[in-house]
Amino acid sequence: MSDSRSLGRRVMRGAIGVAAFFAVAEGAARAGLIDSSVPRVSEVLTHAALLLVDPAFLTAVAETMTRWAVGLLLTVAVMVPAGVLLGTFSAVERALRPLIELFRPIPSIALIPLAILLLADTFLVEIAIIMYASTWPVLINTMYAVREVDPLARETMRSFGFGSGAILLRVSLPSAAPFILTGIRISASIALIVAISTELFGPGFPGLGAYLTFVQSGADGIPIVIATAMWAGVIGLVVNGVFVAAGRRLFRWHHARGGEAV
Amino acid sequence: MRRAGARLARLWIIPVAVLLWEAVTRLAQGAYFPPPSAIAAEMYTLWLSGPASRLFLTDTVSEHVWPSLGRLLRAWVEAGLIGVVLGVALGRSARLADYVDPLVQFGRAIPPPTLLPLFLALFSIGPEMQIATIIFGIVWPVLLNSIEGARYVDRLHLETATVFRLSRAQRLLRIILPEAAPKIFAGLRLSLSLALILMVISEMVGSTDGIGYSLVLALRESELPTMWAWILMLGILGLILNAILIGAERRILAWHHRERQAT
């Protein structure tokens, strides 16, 4: 298997690259080549390790991830059926299309002030903002995927006497599922970004954003901020990895055409 | 002409939605939902009631809209240059790409707003901090797409270039860049919409001017029509920026689309 050997080589080179980056950054900082307000790599890594036993940080992660999960689940629960509807009835899709194109470019962050006034409760505000931002990849991927289902397969089912419901369950949804999962995966990382942004926005919000605001002015503020950002990156990678792995497992039959539709 | 007319006719839902919005908000009289006519009037006084010598644009436009747009475009251009130059270099060298791949993947995974406090501390409040935040957040799509675009250049084309003894610069300009262009454009478009989001969040948290700042100010003063006006402006900006980029892409990549249709 030459594949696994080249994979081994790539992992090896990647590790060397990371180590070299750390060494160069640390060396440059020690030699005084980098402005002293930028923390050293060793400091950041120490704080990254310390964060793992910091209860305030762990609570913040739990709070952010709870809101992230609730927002994403609600989005999927509403937008996958909506996408199936729009993908099935092309007349409805054509009519609503301009509205979708009009709403999509409004940055969800811009809606935070409005949501704060309307909803008052910070939990609801965060969920609403997450839902608005993560709606589009799920909705649009579902819509396109259902529309592009092989008409021959559908007609075959119909000629065997299956009803619309059975066709939806046995043909349309299975063949659209990989693309829907891709949409959910994209939304999952957007939802994380938006969750933290909302929490950064103001007093009263919990989670990682609030934690960042809290630690930035304290002792060792900057290295802790970078360490927190690194863990947020790790969370992002893990979330993405879980979705990719789930897609590979669930849709092994499909891997040949698992492209991204957004 | 007829096609343009048909395209316009497809937009019938927009006036219907606006009328419905107007009717519902007037009936409900909710404080948080001013009718669209009130928002439109507010948009006019906010931005378009200036002197004729300045194309009717108000001071608000020059104090808050132009600075925002300037930072957005500057950050986008700088991130685009960094991303394309580094990306093409990395894409052409599989070995180099192997070394930096984990760093790039990790950099992309970090949610850019988490670094806002860092940039605030390093640059203090002001345009530099906003530009740094935007660049850090949007450079990844361009970088990754440029790497991928430059990596999968047709081998036959490169060998032909060797046969014709093209110089390295010619090879880059005539073969590698054109073939990577569709991917690069996709990356640039994604970064532009990301840039708009990061512009708003960076101005909301650390700025004394700009669209995001005006939005927060409107929230503090509970000026609902003003707030709605700024929100709509962001939507319109998103639409316009995207439309300009799609237009440019069609023009520049016309040969690419023709080729794809022909095969």
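To find a chain, count down the sequence lines: A is the first, B the second, and so on, and within it residues start at 1.
Considering only heavy-atom pairs separated by less than 4.5 Å from chain A, the leading option among G212(B), P117(B), A218(B), A94(B) is P117(B). When the candidates G236(A), A95(A), P39(A) are compared by the number of heavy-atom contacts under 4.5 Å with chain B, A95(A) comes out ahead. Between chain A and the options A17(B), P102(B), P111(B), heavy-atom pairs under 4.5 Å are most frequent for P111(B). Here L103(B) is the residue among L103(B), L232(B), L190(B) with the most heavy-atom pairs under 4.5 Å with chain A.
Of the atoms belonging to S197(A), heavy atoms from both backbone and side chain fall under 4.5 Å from chain B. Both the backbone and the side chain of R95(B) come within contact range of chain A, judged by heavy atoms closer than 4.5 Å. For V216(B), the part sitting under 4.5 Å from any heavy atom of chain A is the side chain, from C-beta outward, and nothing else. Proximity to chain A (any heavy atom under 4.5 Å) is restricted, for W12(B), to the side chain, taken from C-beta onward. Contact of V234(A) with chain B is made through backbone and side chain together, with heavy-atom distances under 4.5 Å. Both the backbone and the side chain of M230(A) come within contact range of chain B, each with at least one heavy atom under 4.5 Å from a heavy atom of that chain. Contacts of L96(B) with chain A are absent, with no heavy-atom separation under 4.5 Å from either backbone or side chain. Using a 4.5 Å cut-off between heavy atoms, N242(B) does not touch chain A at all. If you measure heavy-atom distances from L241(B) to chain A, you find no contacts under 4.5 Å at all.
Side chains of V18(A) and F106(B) form no contact here, defined as non-hydrogen atoms less than 4.5 Å apart. For the pair L116(B)/L200(A), a side-chain contact is recorded, criterion being any heavy-atom separation below 4.5 Å from C-beta on.
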* L114(A) and L224(B): side-chain contact (heavy atoms from CB on, under 4.5 Å), yes or no, with the steps? -> CA-CA 8 Å; L114(A) 188 66; L224(B) 264 298; 4.2 Å; yes

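The line from CD1 of I109(A) to CG of L196(B) is 10.5 Å long, rounded to the nearest 0.5 Å. Here OG of S108(A) is found 11.0 Å from CG of L234(B). Values are rounded to the nearest 0.5 Å. Put simply, CE on M12(A) and OH on Y99(B) are 8.5 Å apart, with the number rounded to the nearest 0.5 Å. Taken to the nearest 0.5 Å, the CD1 atom of I16(A) stands 10.5 Å off from the CG atom of D98(B). Rounded to the nearest 0.5 angstrom, I201(B) CD1 and I193(A) CD1 are separated by 11.0 Å.
Looking at every heavy atom in both residues, T114(B) comes nearest to A232(A) through CG2-CB, 4.0 Å. Across V225(A) and L118(B), no two heavy atoms sit closer than the pair CG1-N, 3.9 Å. Taking every heavy atom of both residues into account, L215(B) and A110(A) meet most closely at CD2-O, 3.4 Å. The two residues L237(A) and Q105(B) make their nearest non-hydrogen contact at CD2-O, 4.1 Å. The minimum heavy-atom distance between I106(A) and G235(B), with the atom names listed, is CG1-CA, 3.5 Å. The minimum heavy-atom distance linking E101(A) with L239(B) is given by the pair O-CD2, 3.5 Å.
Within 6.0 Å of atom CZ in F21(A), 12 or fewer heavy atoms from other residues, nucleotides or ligands are found, so the atom counts as exposed in its surroundings.
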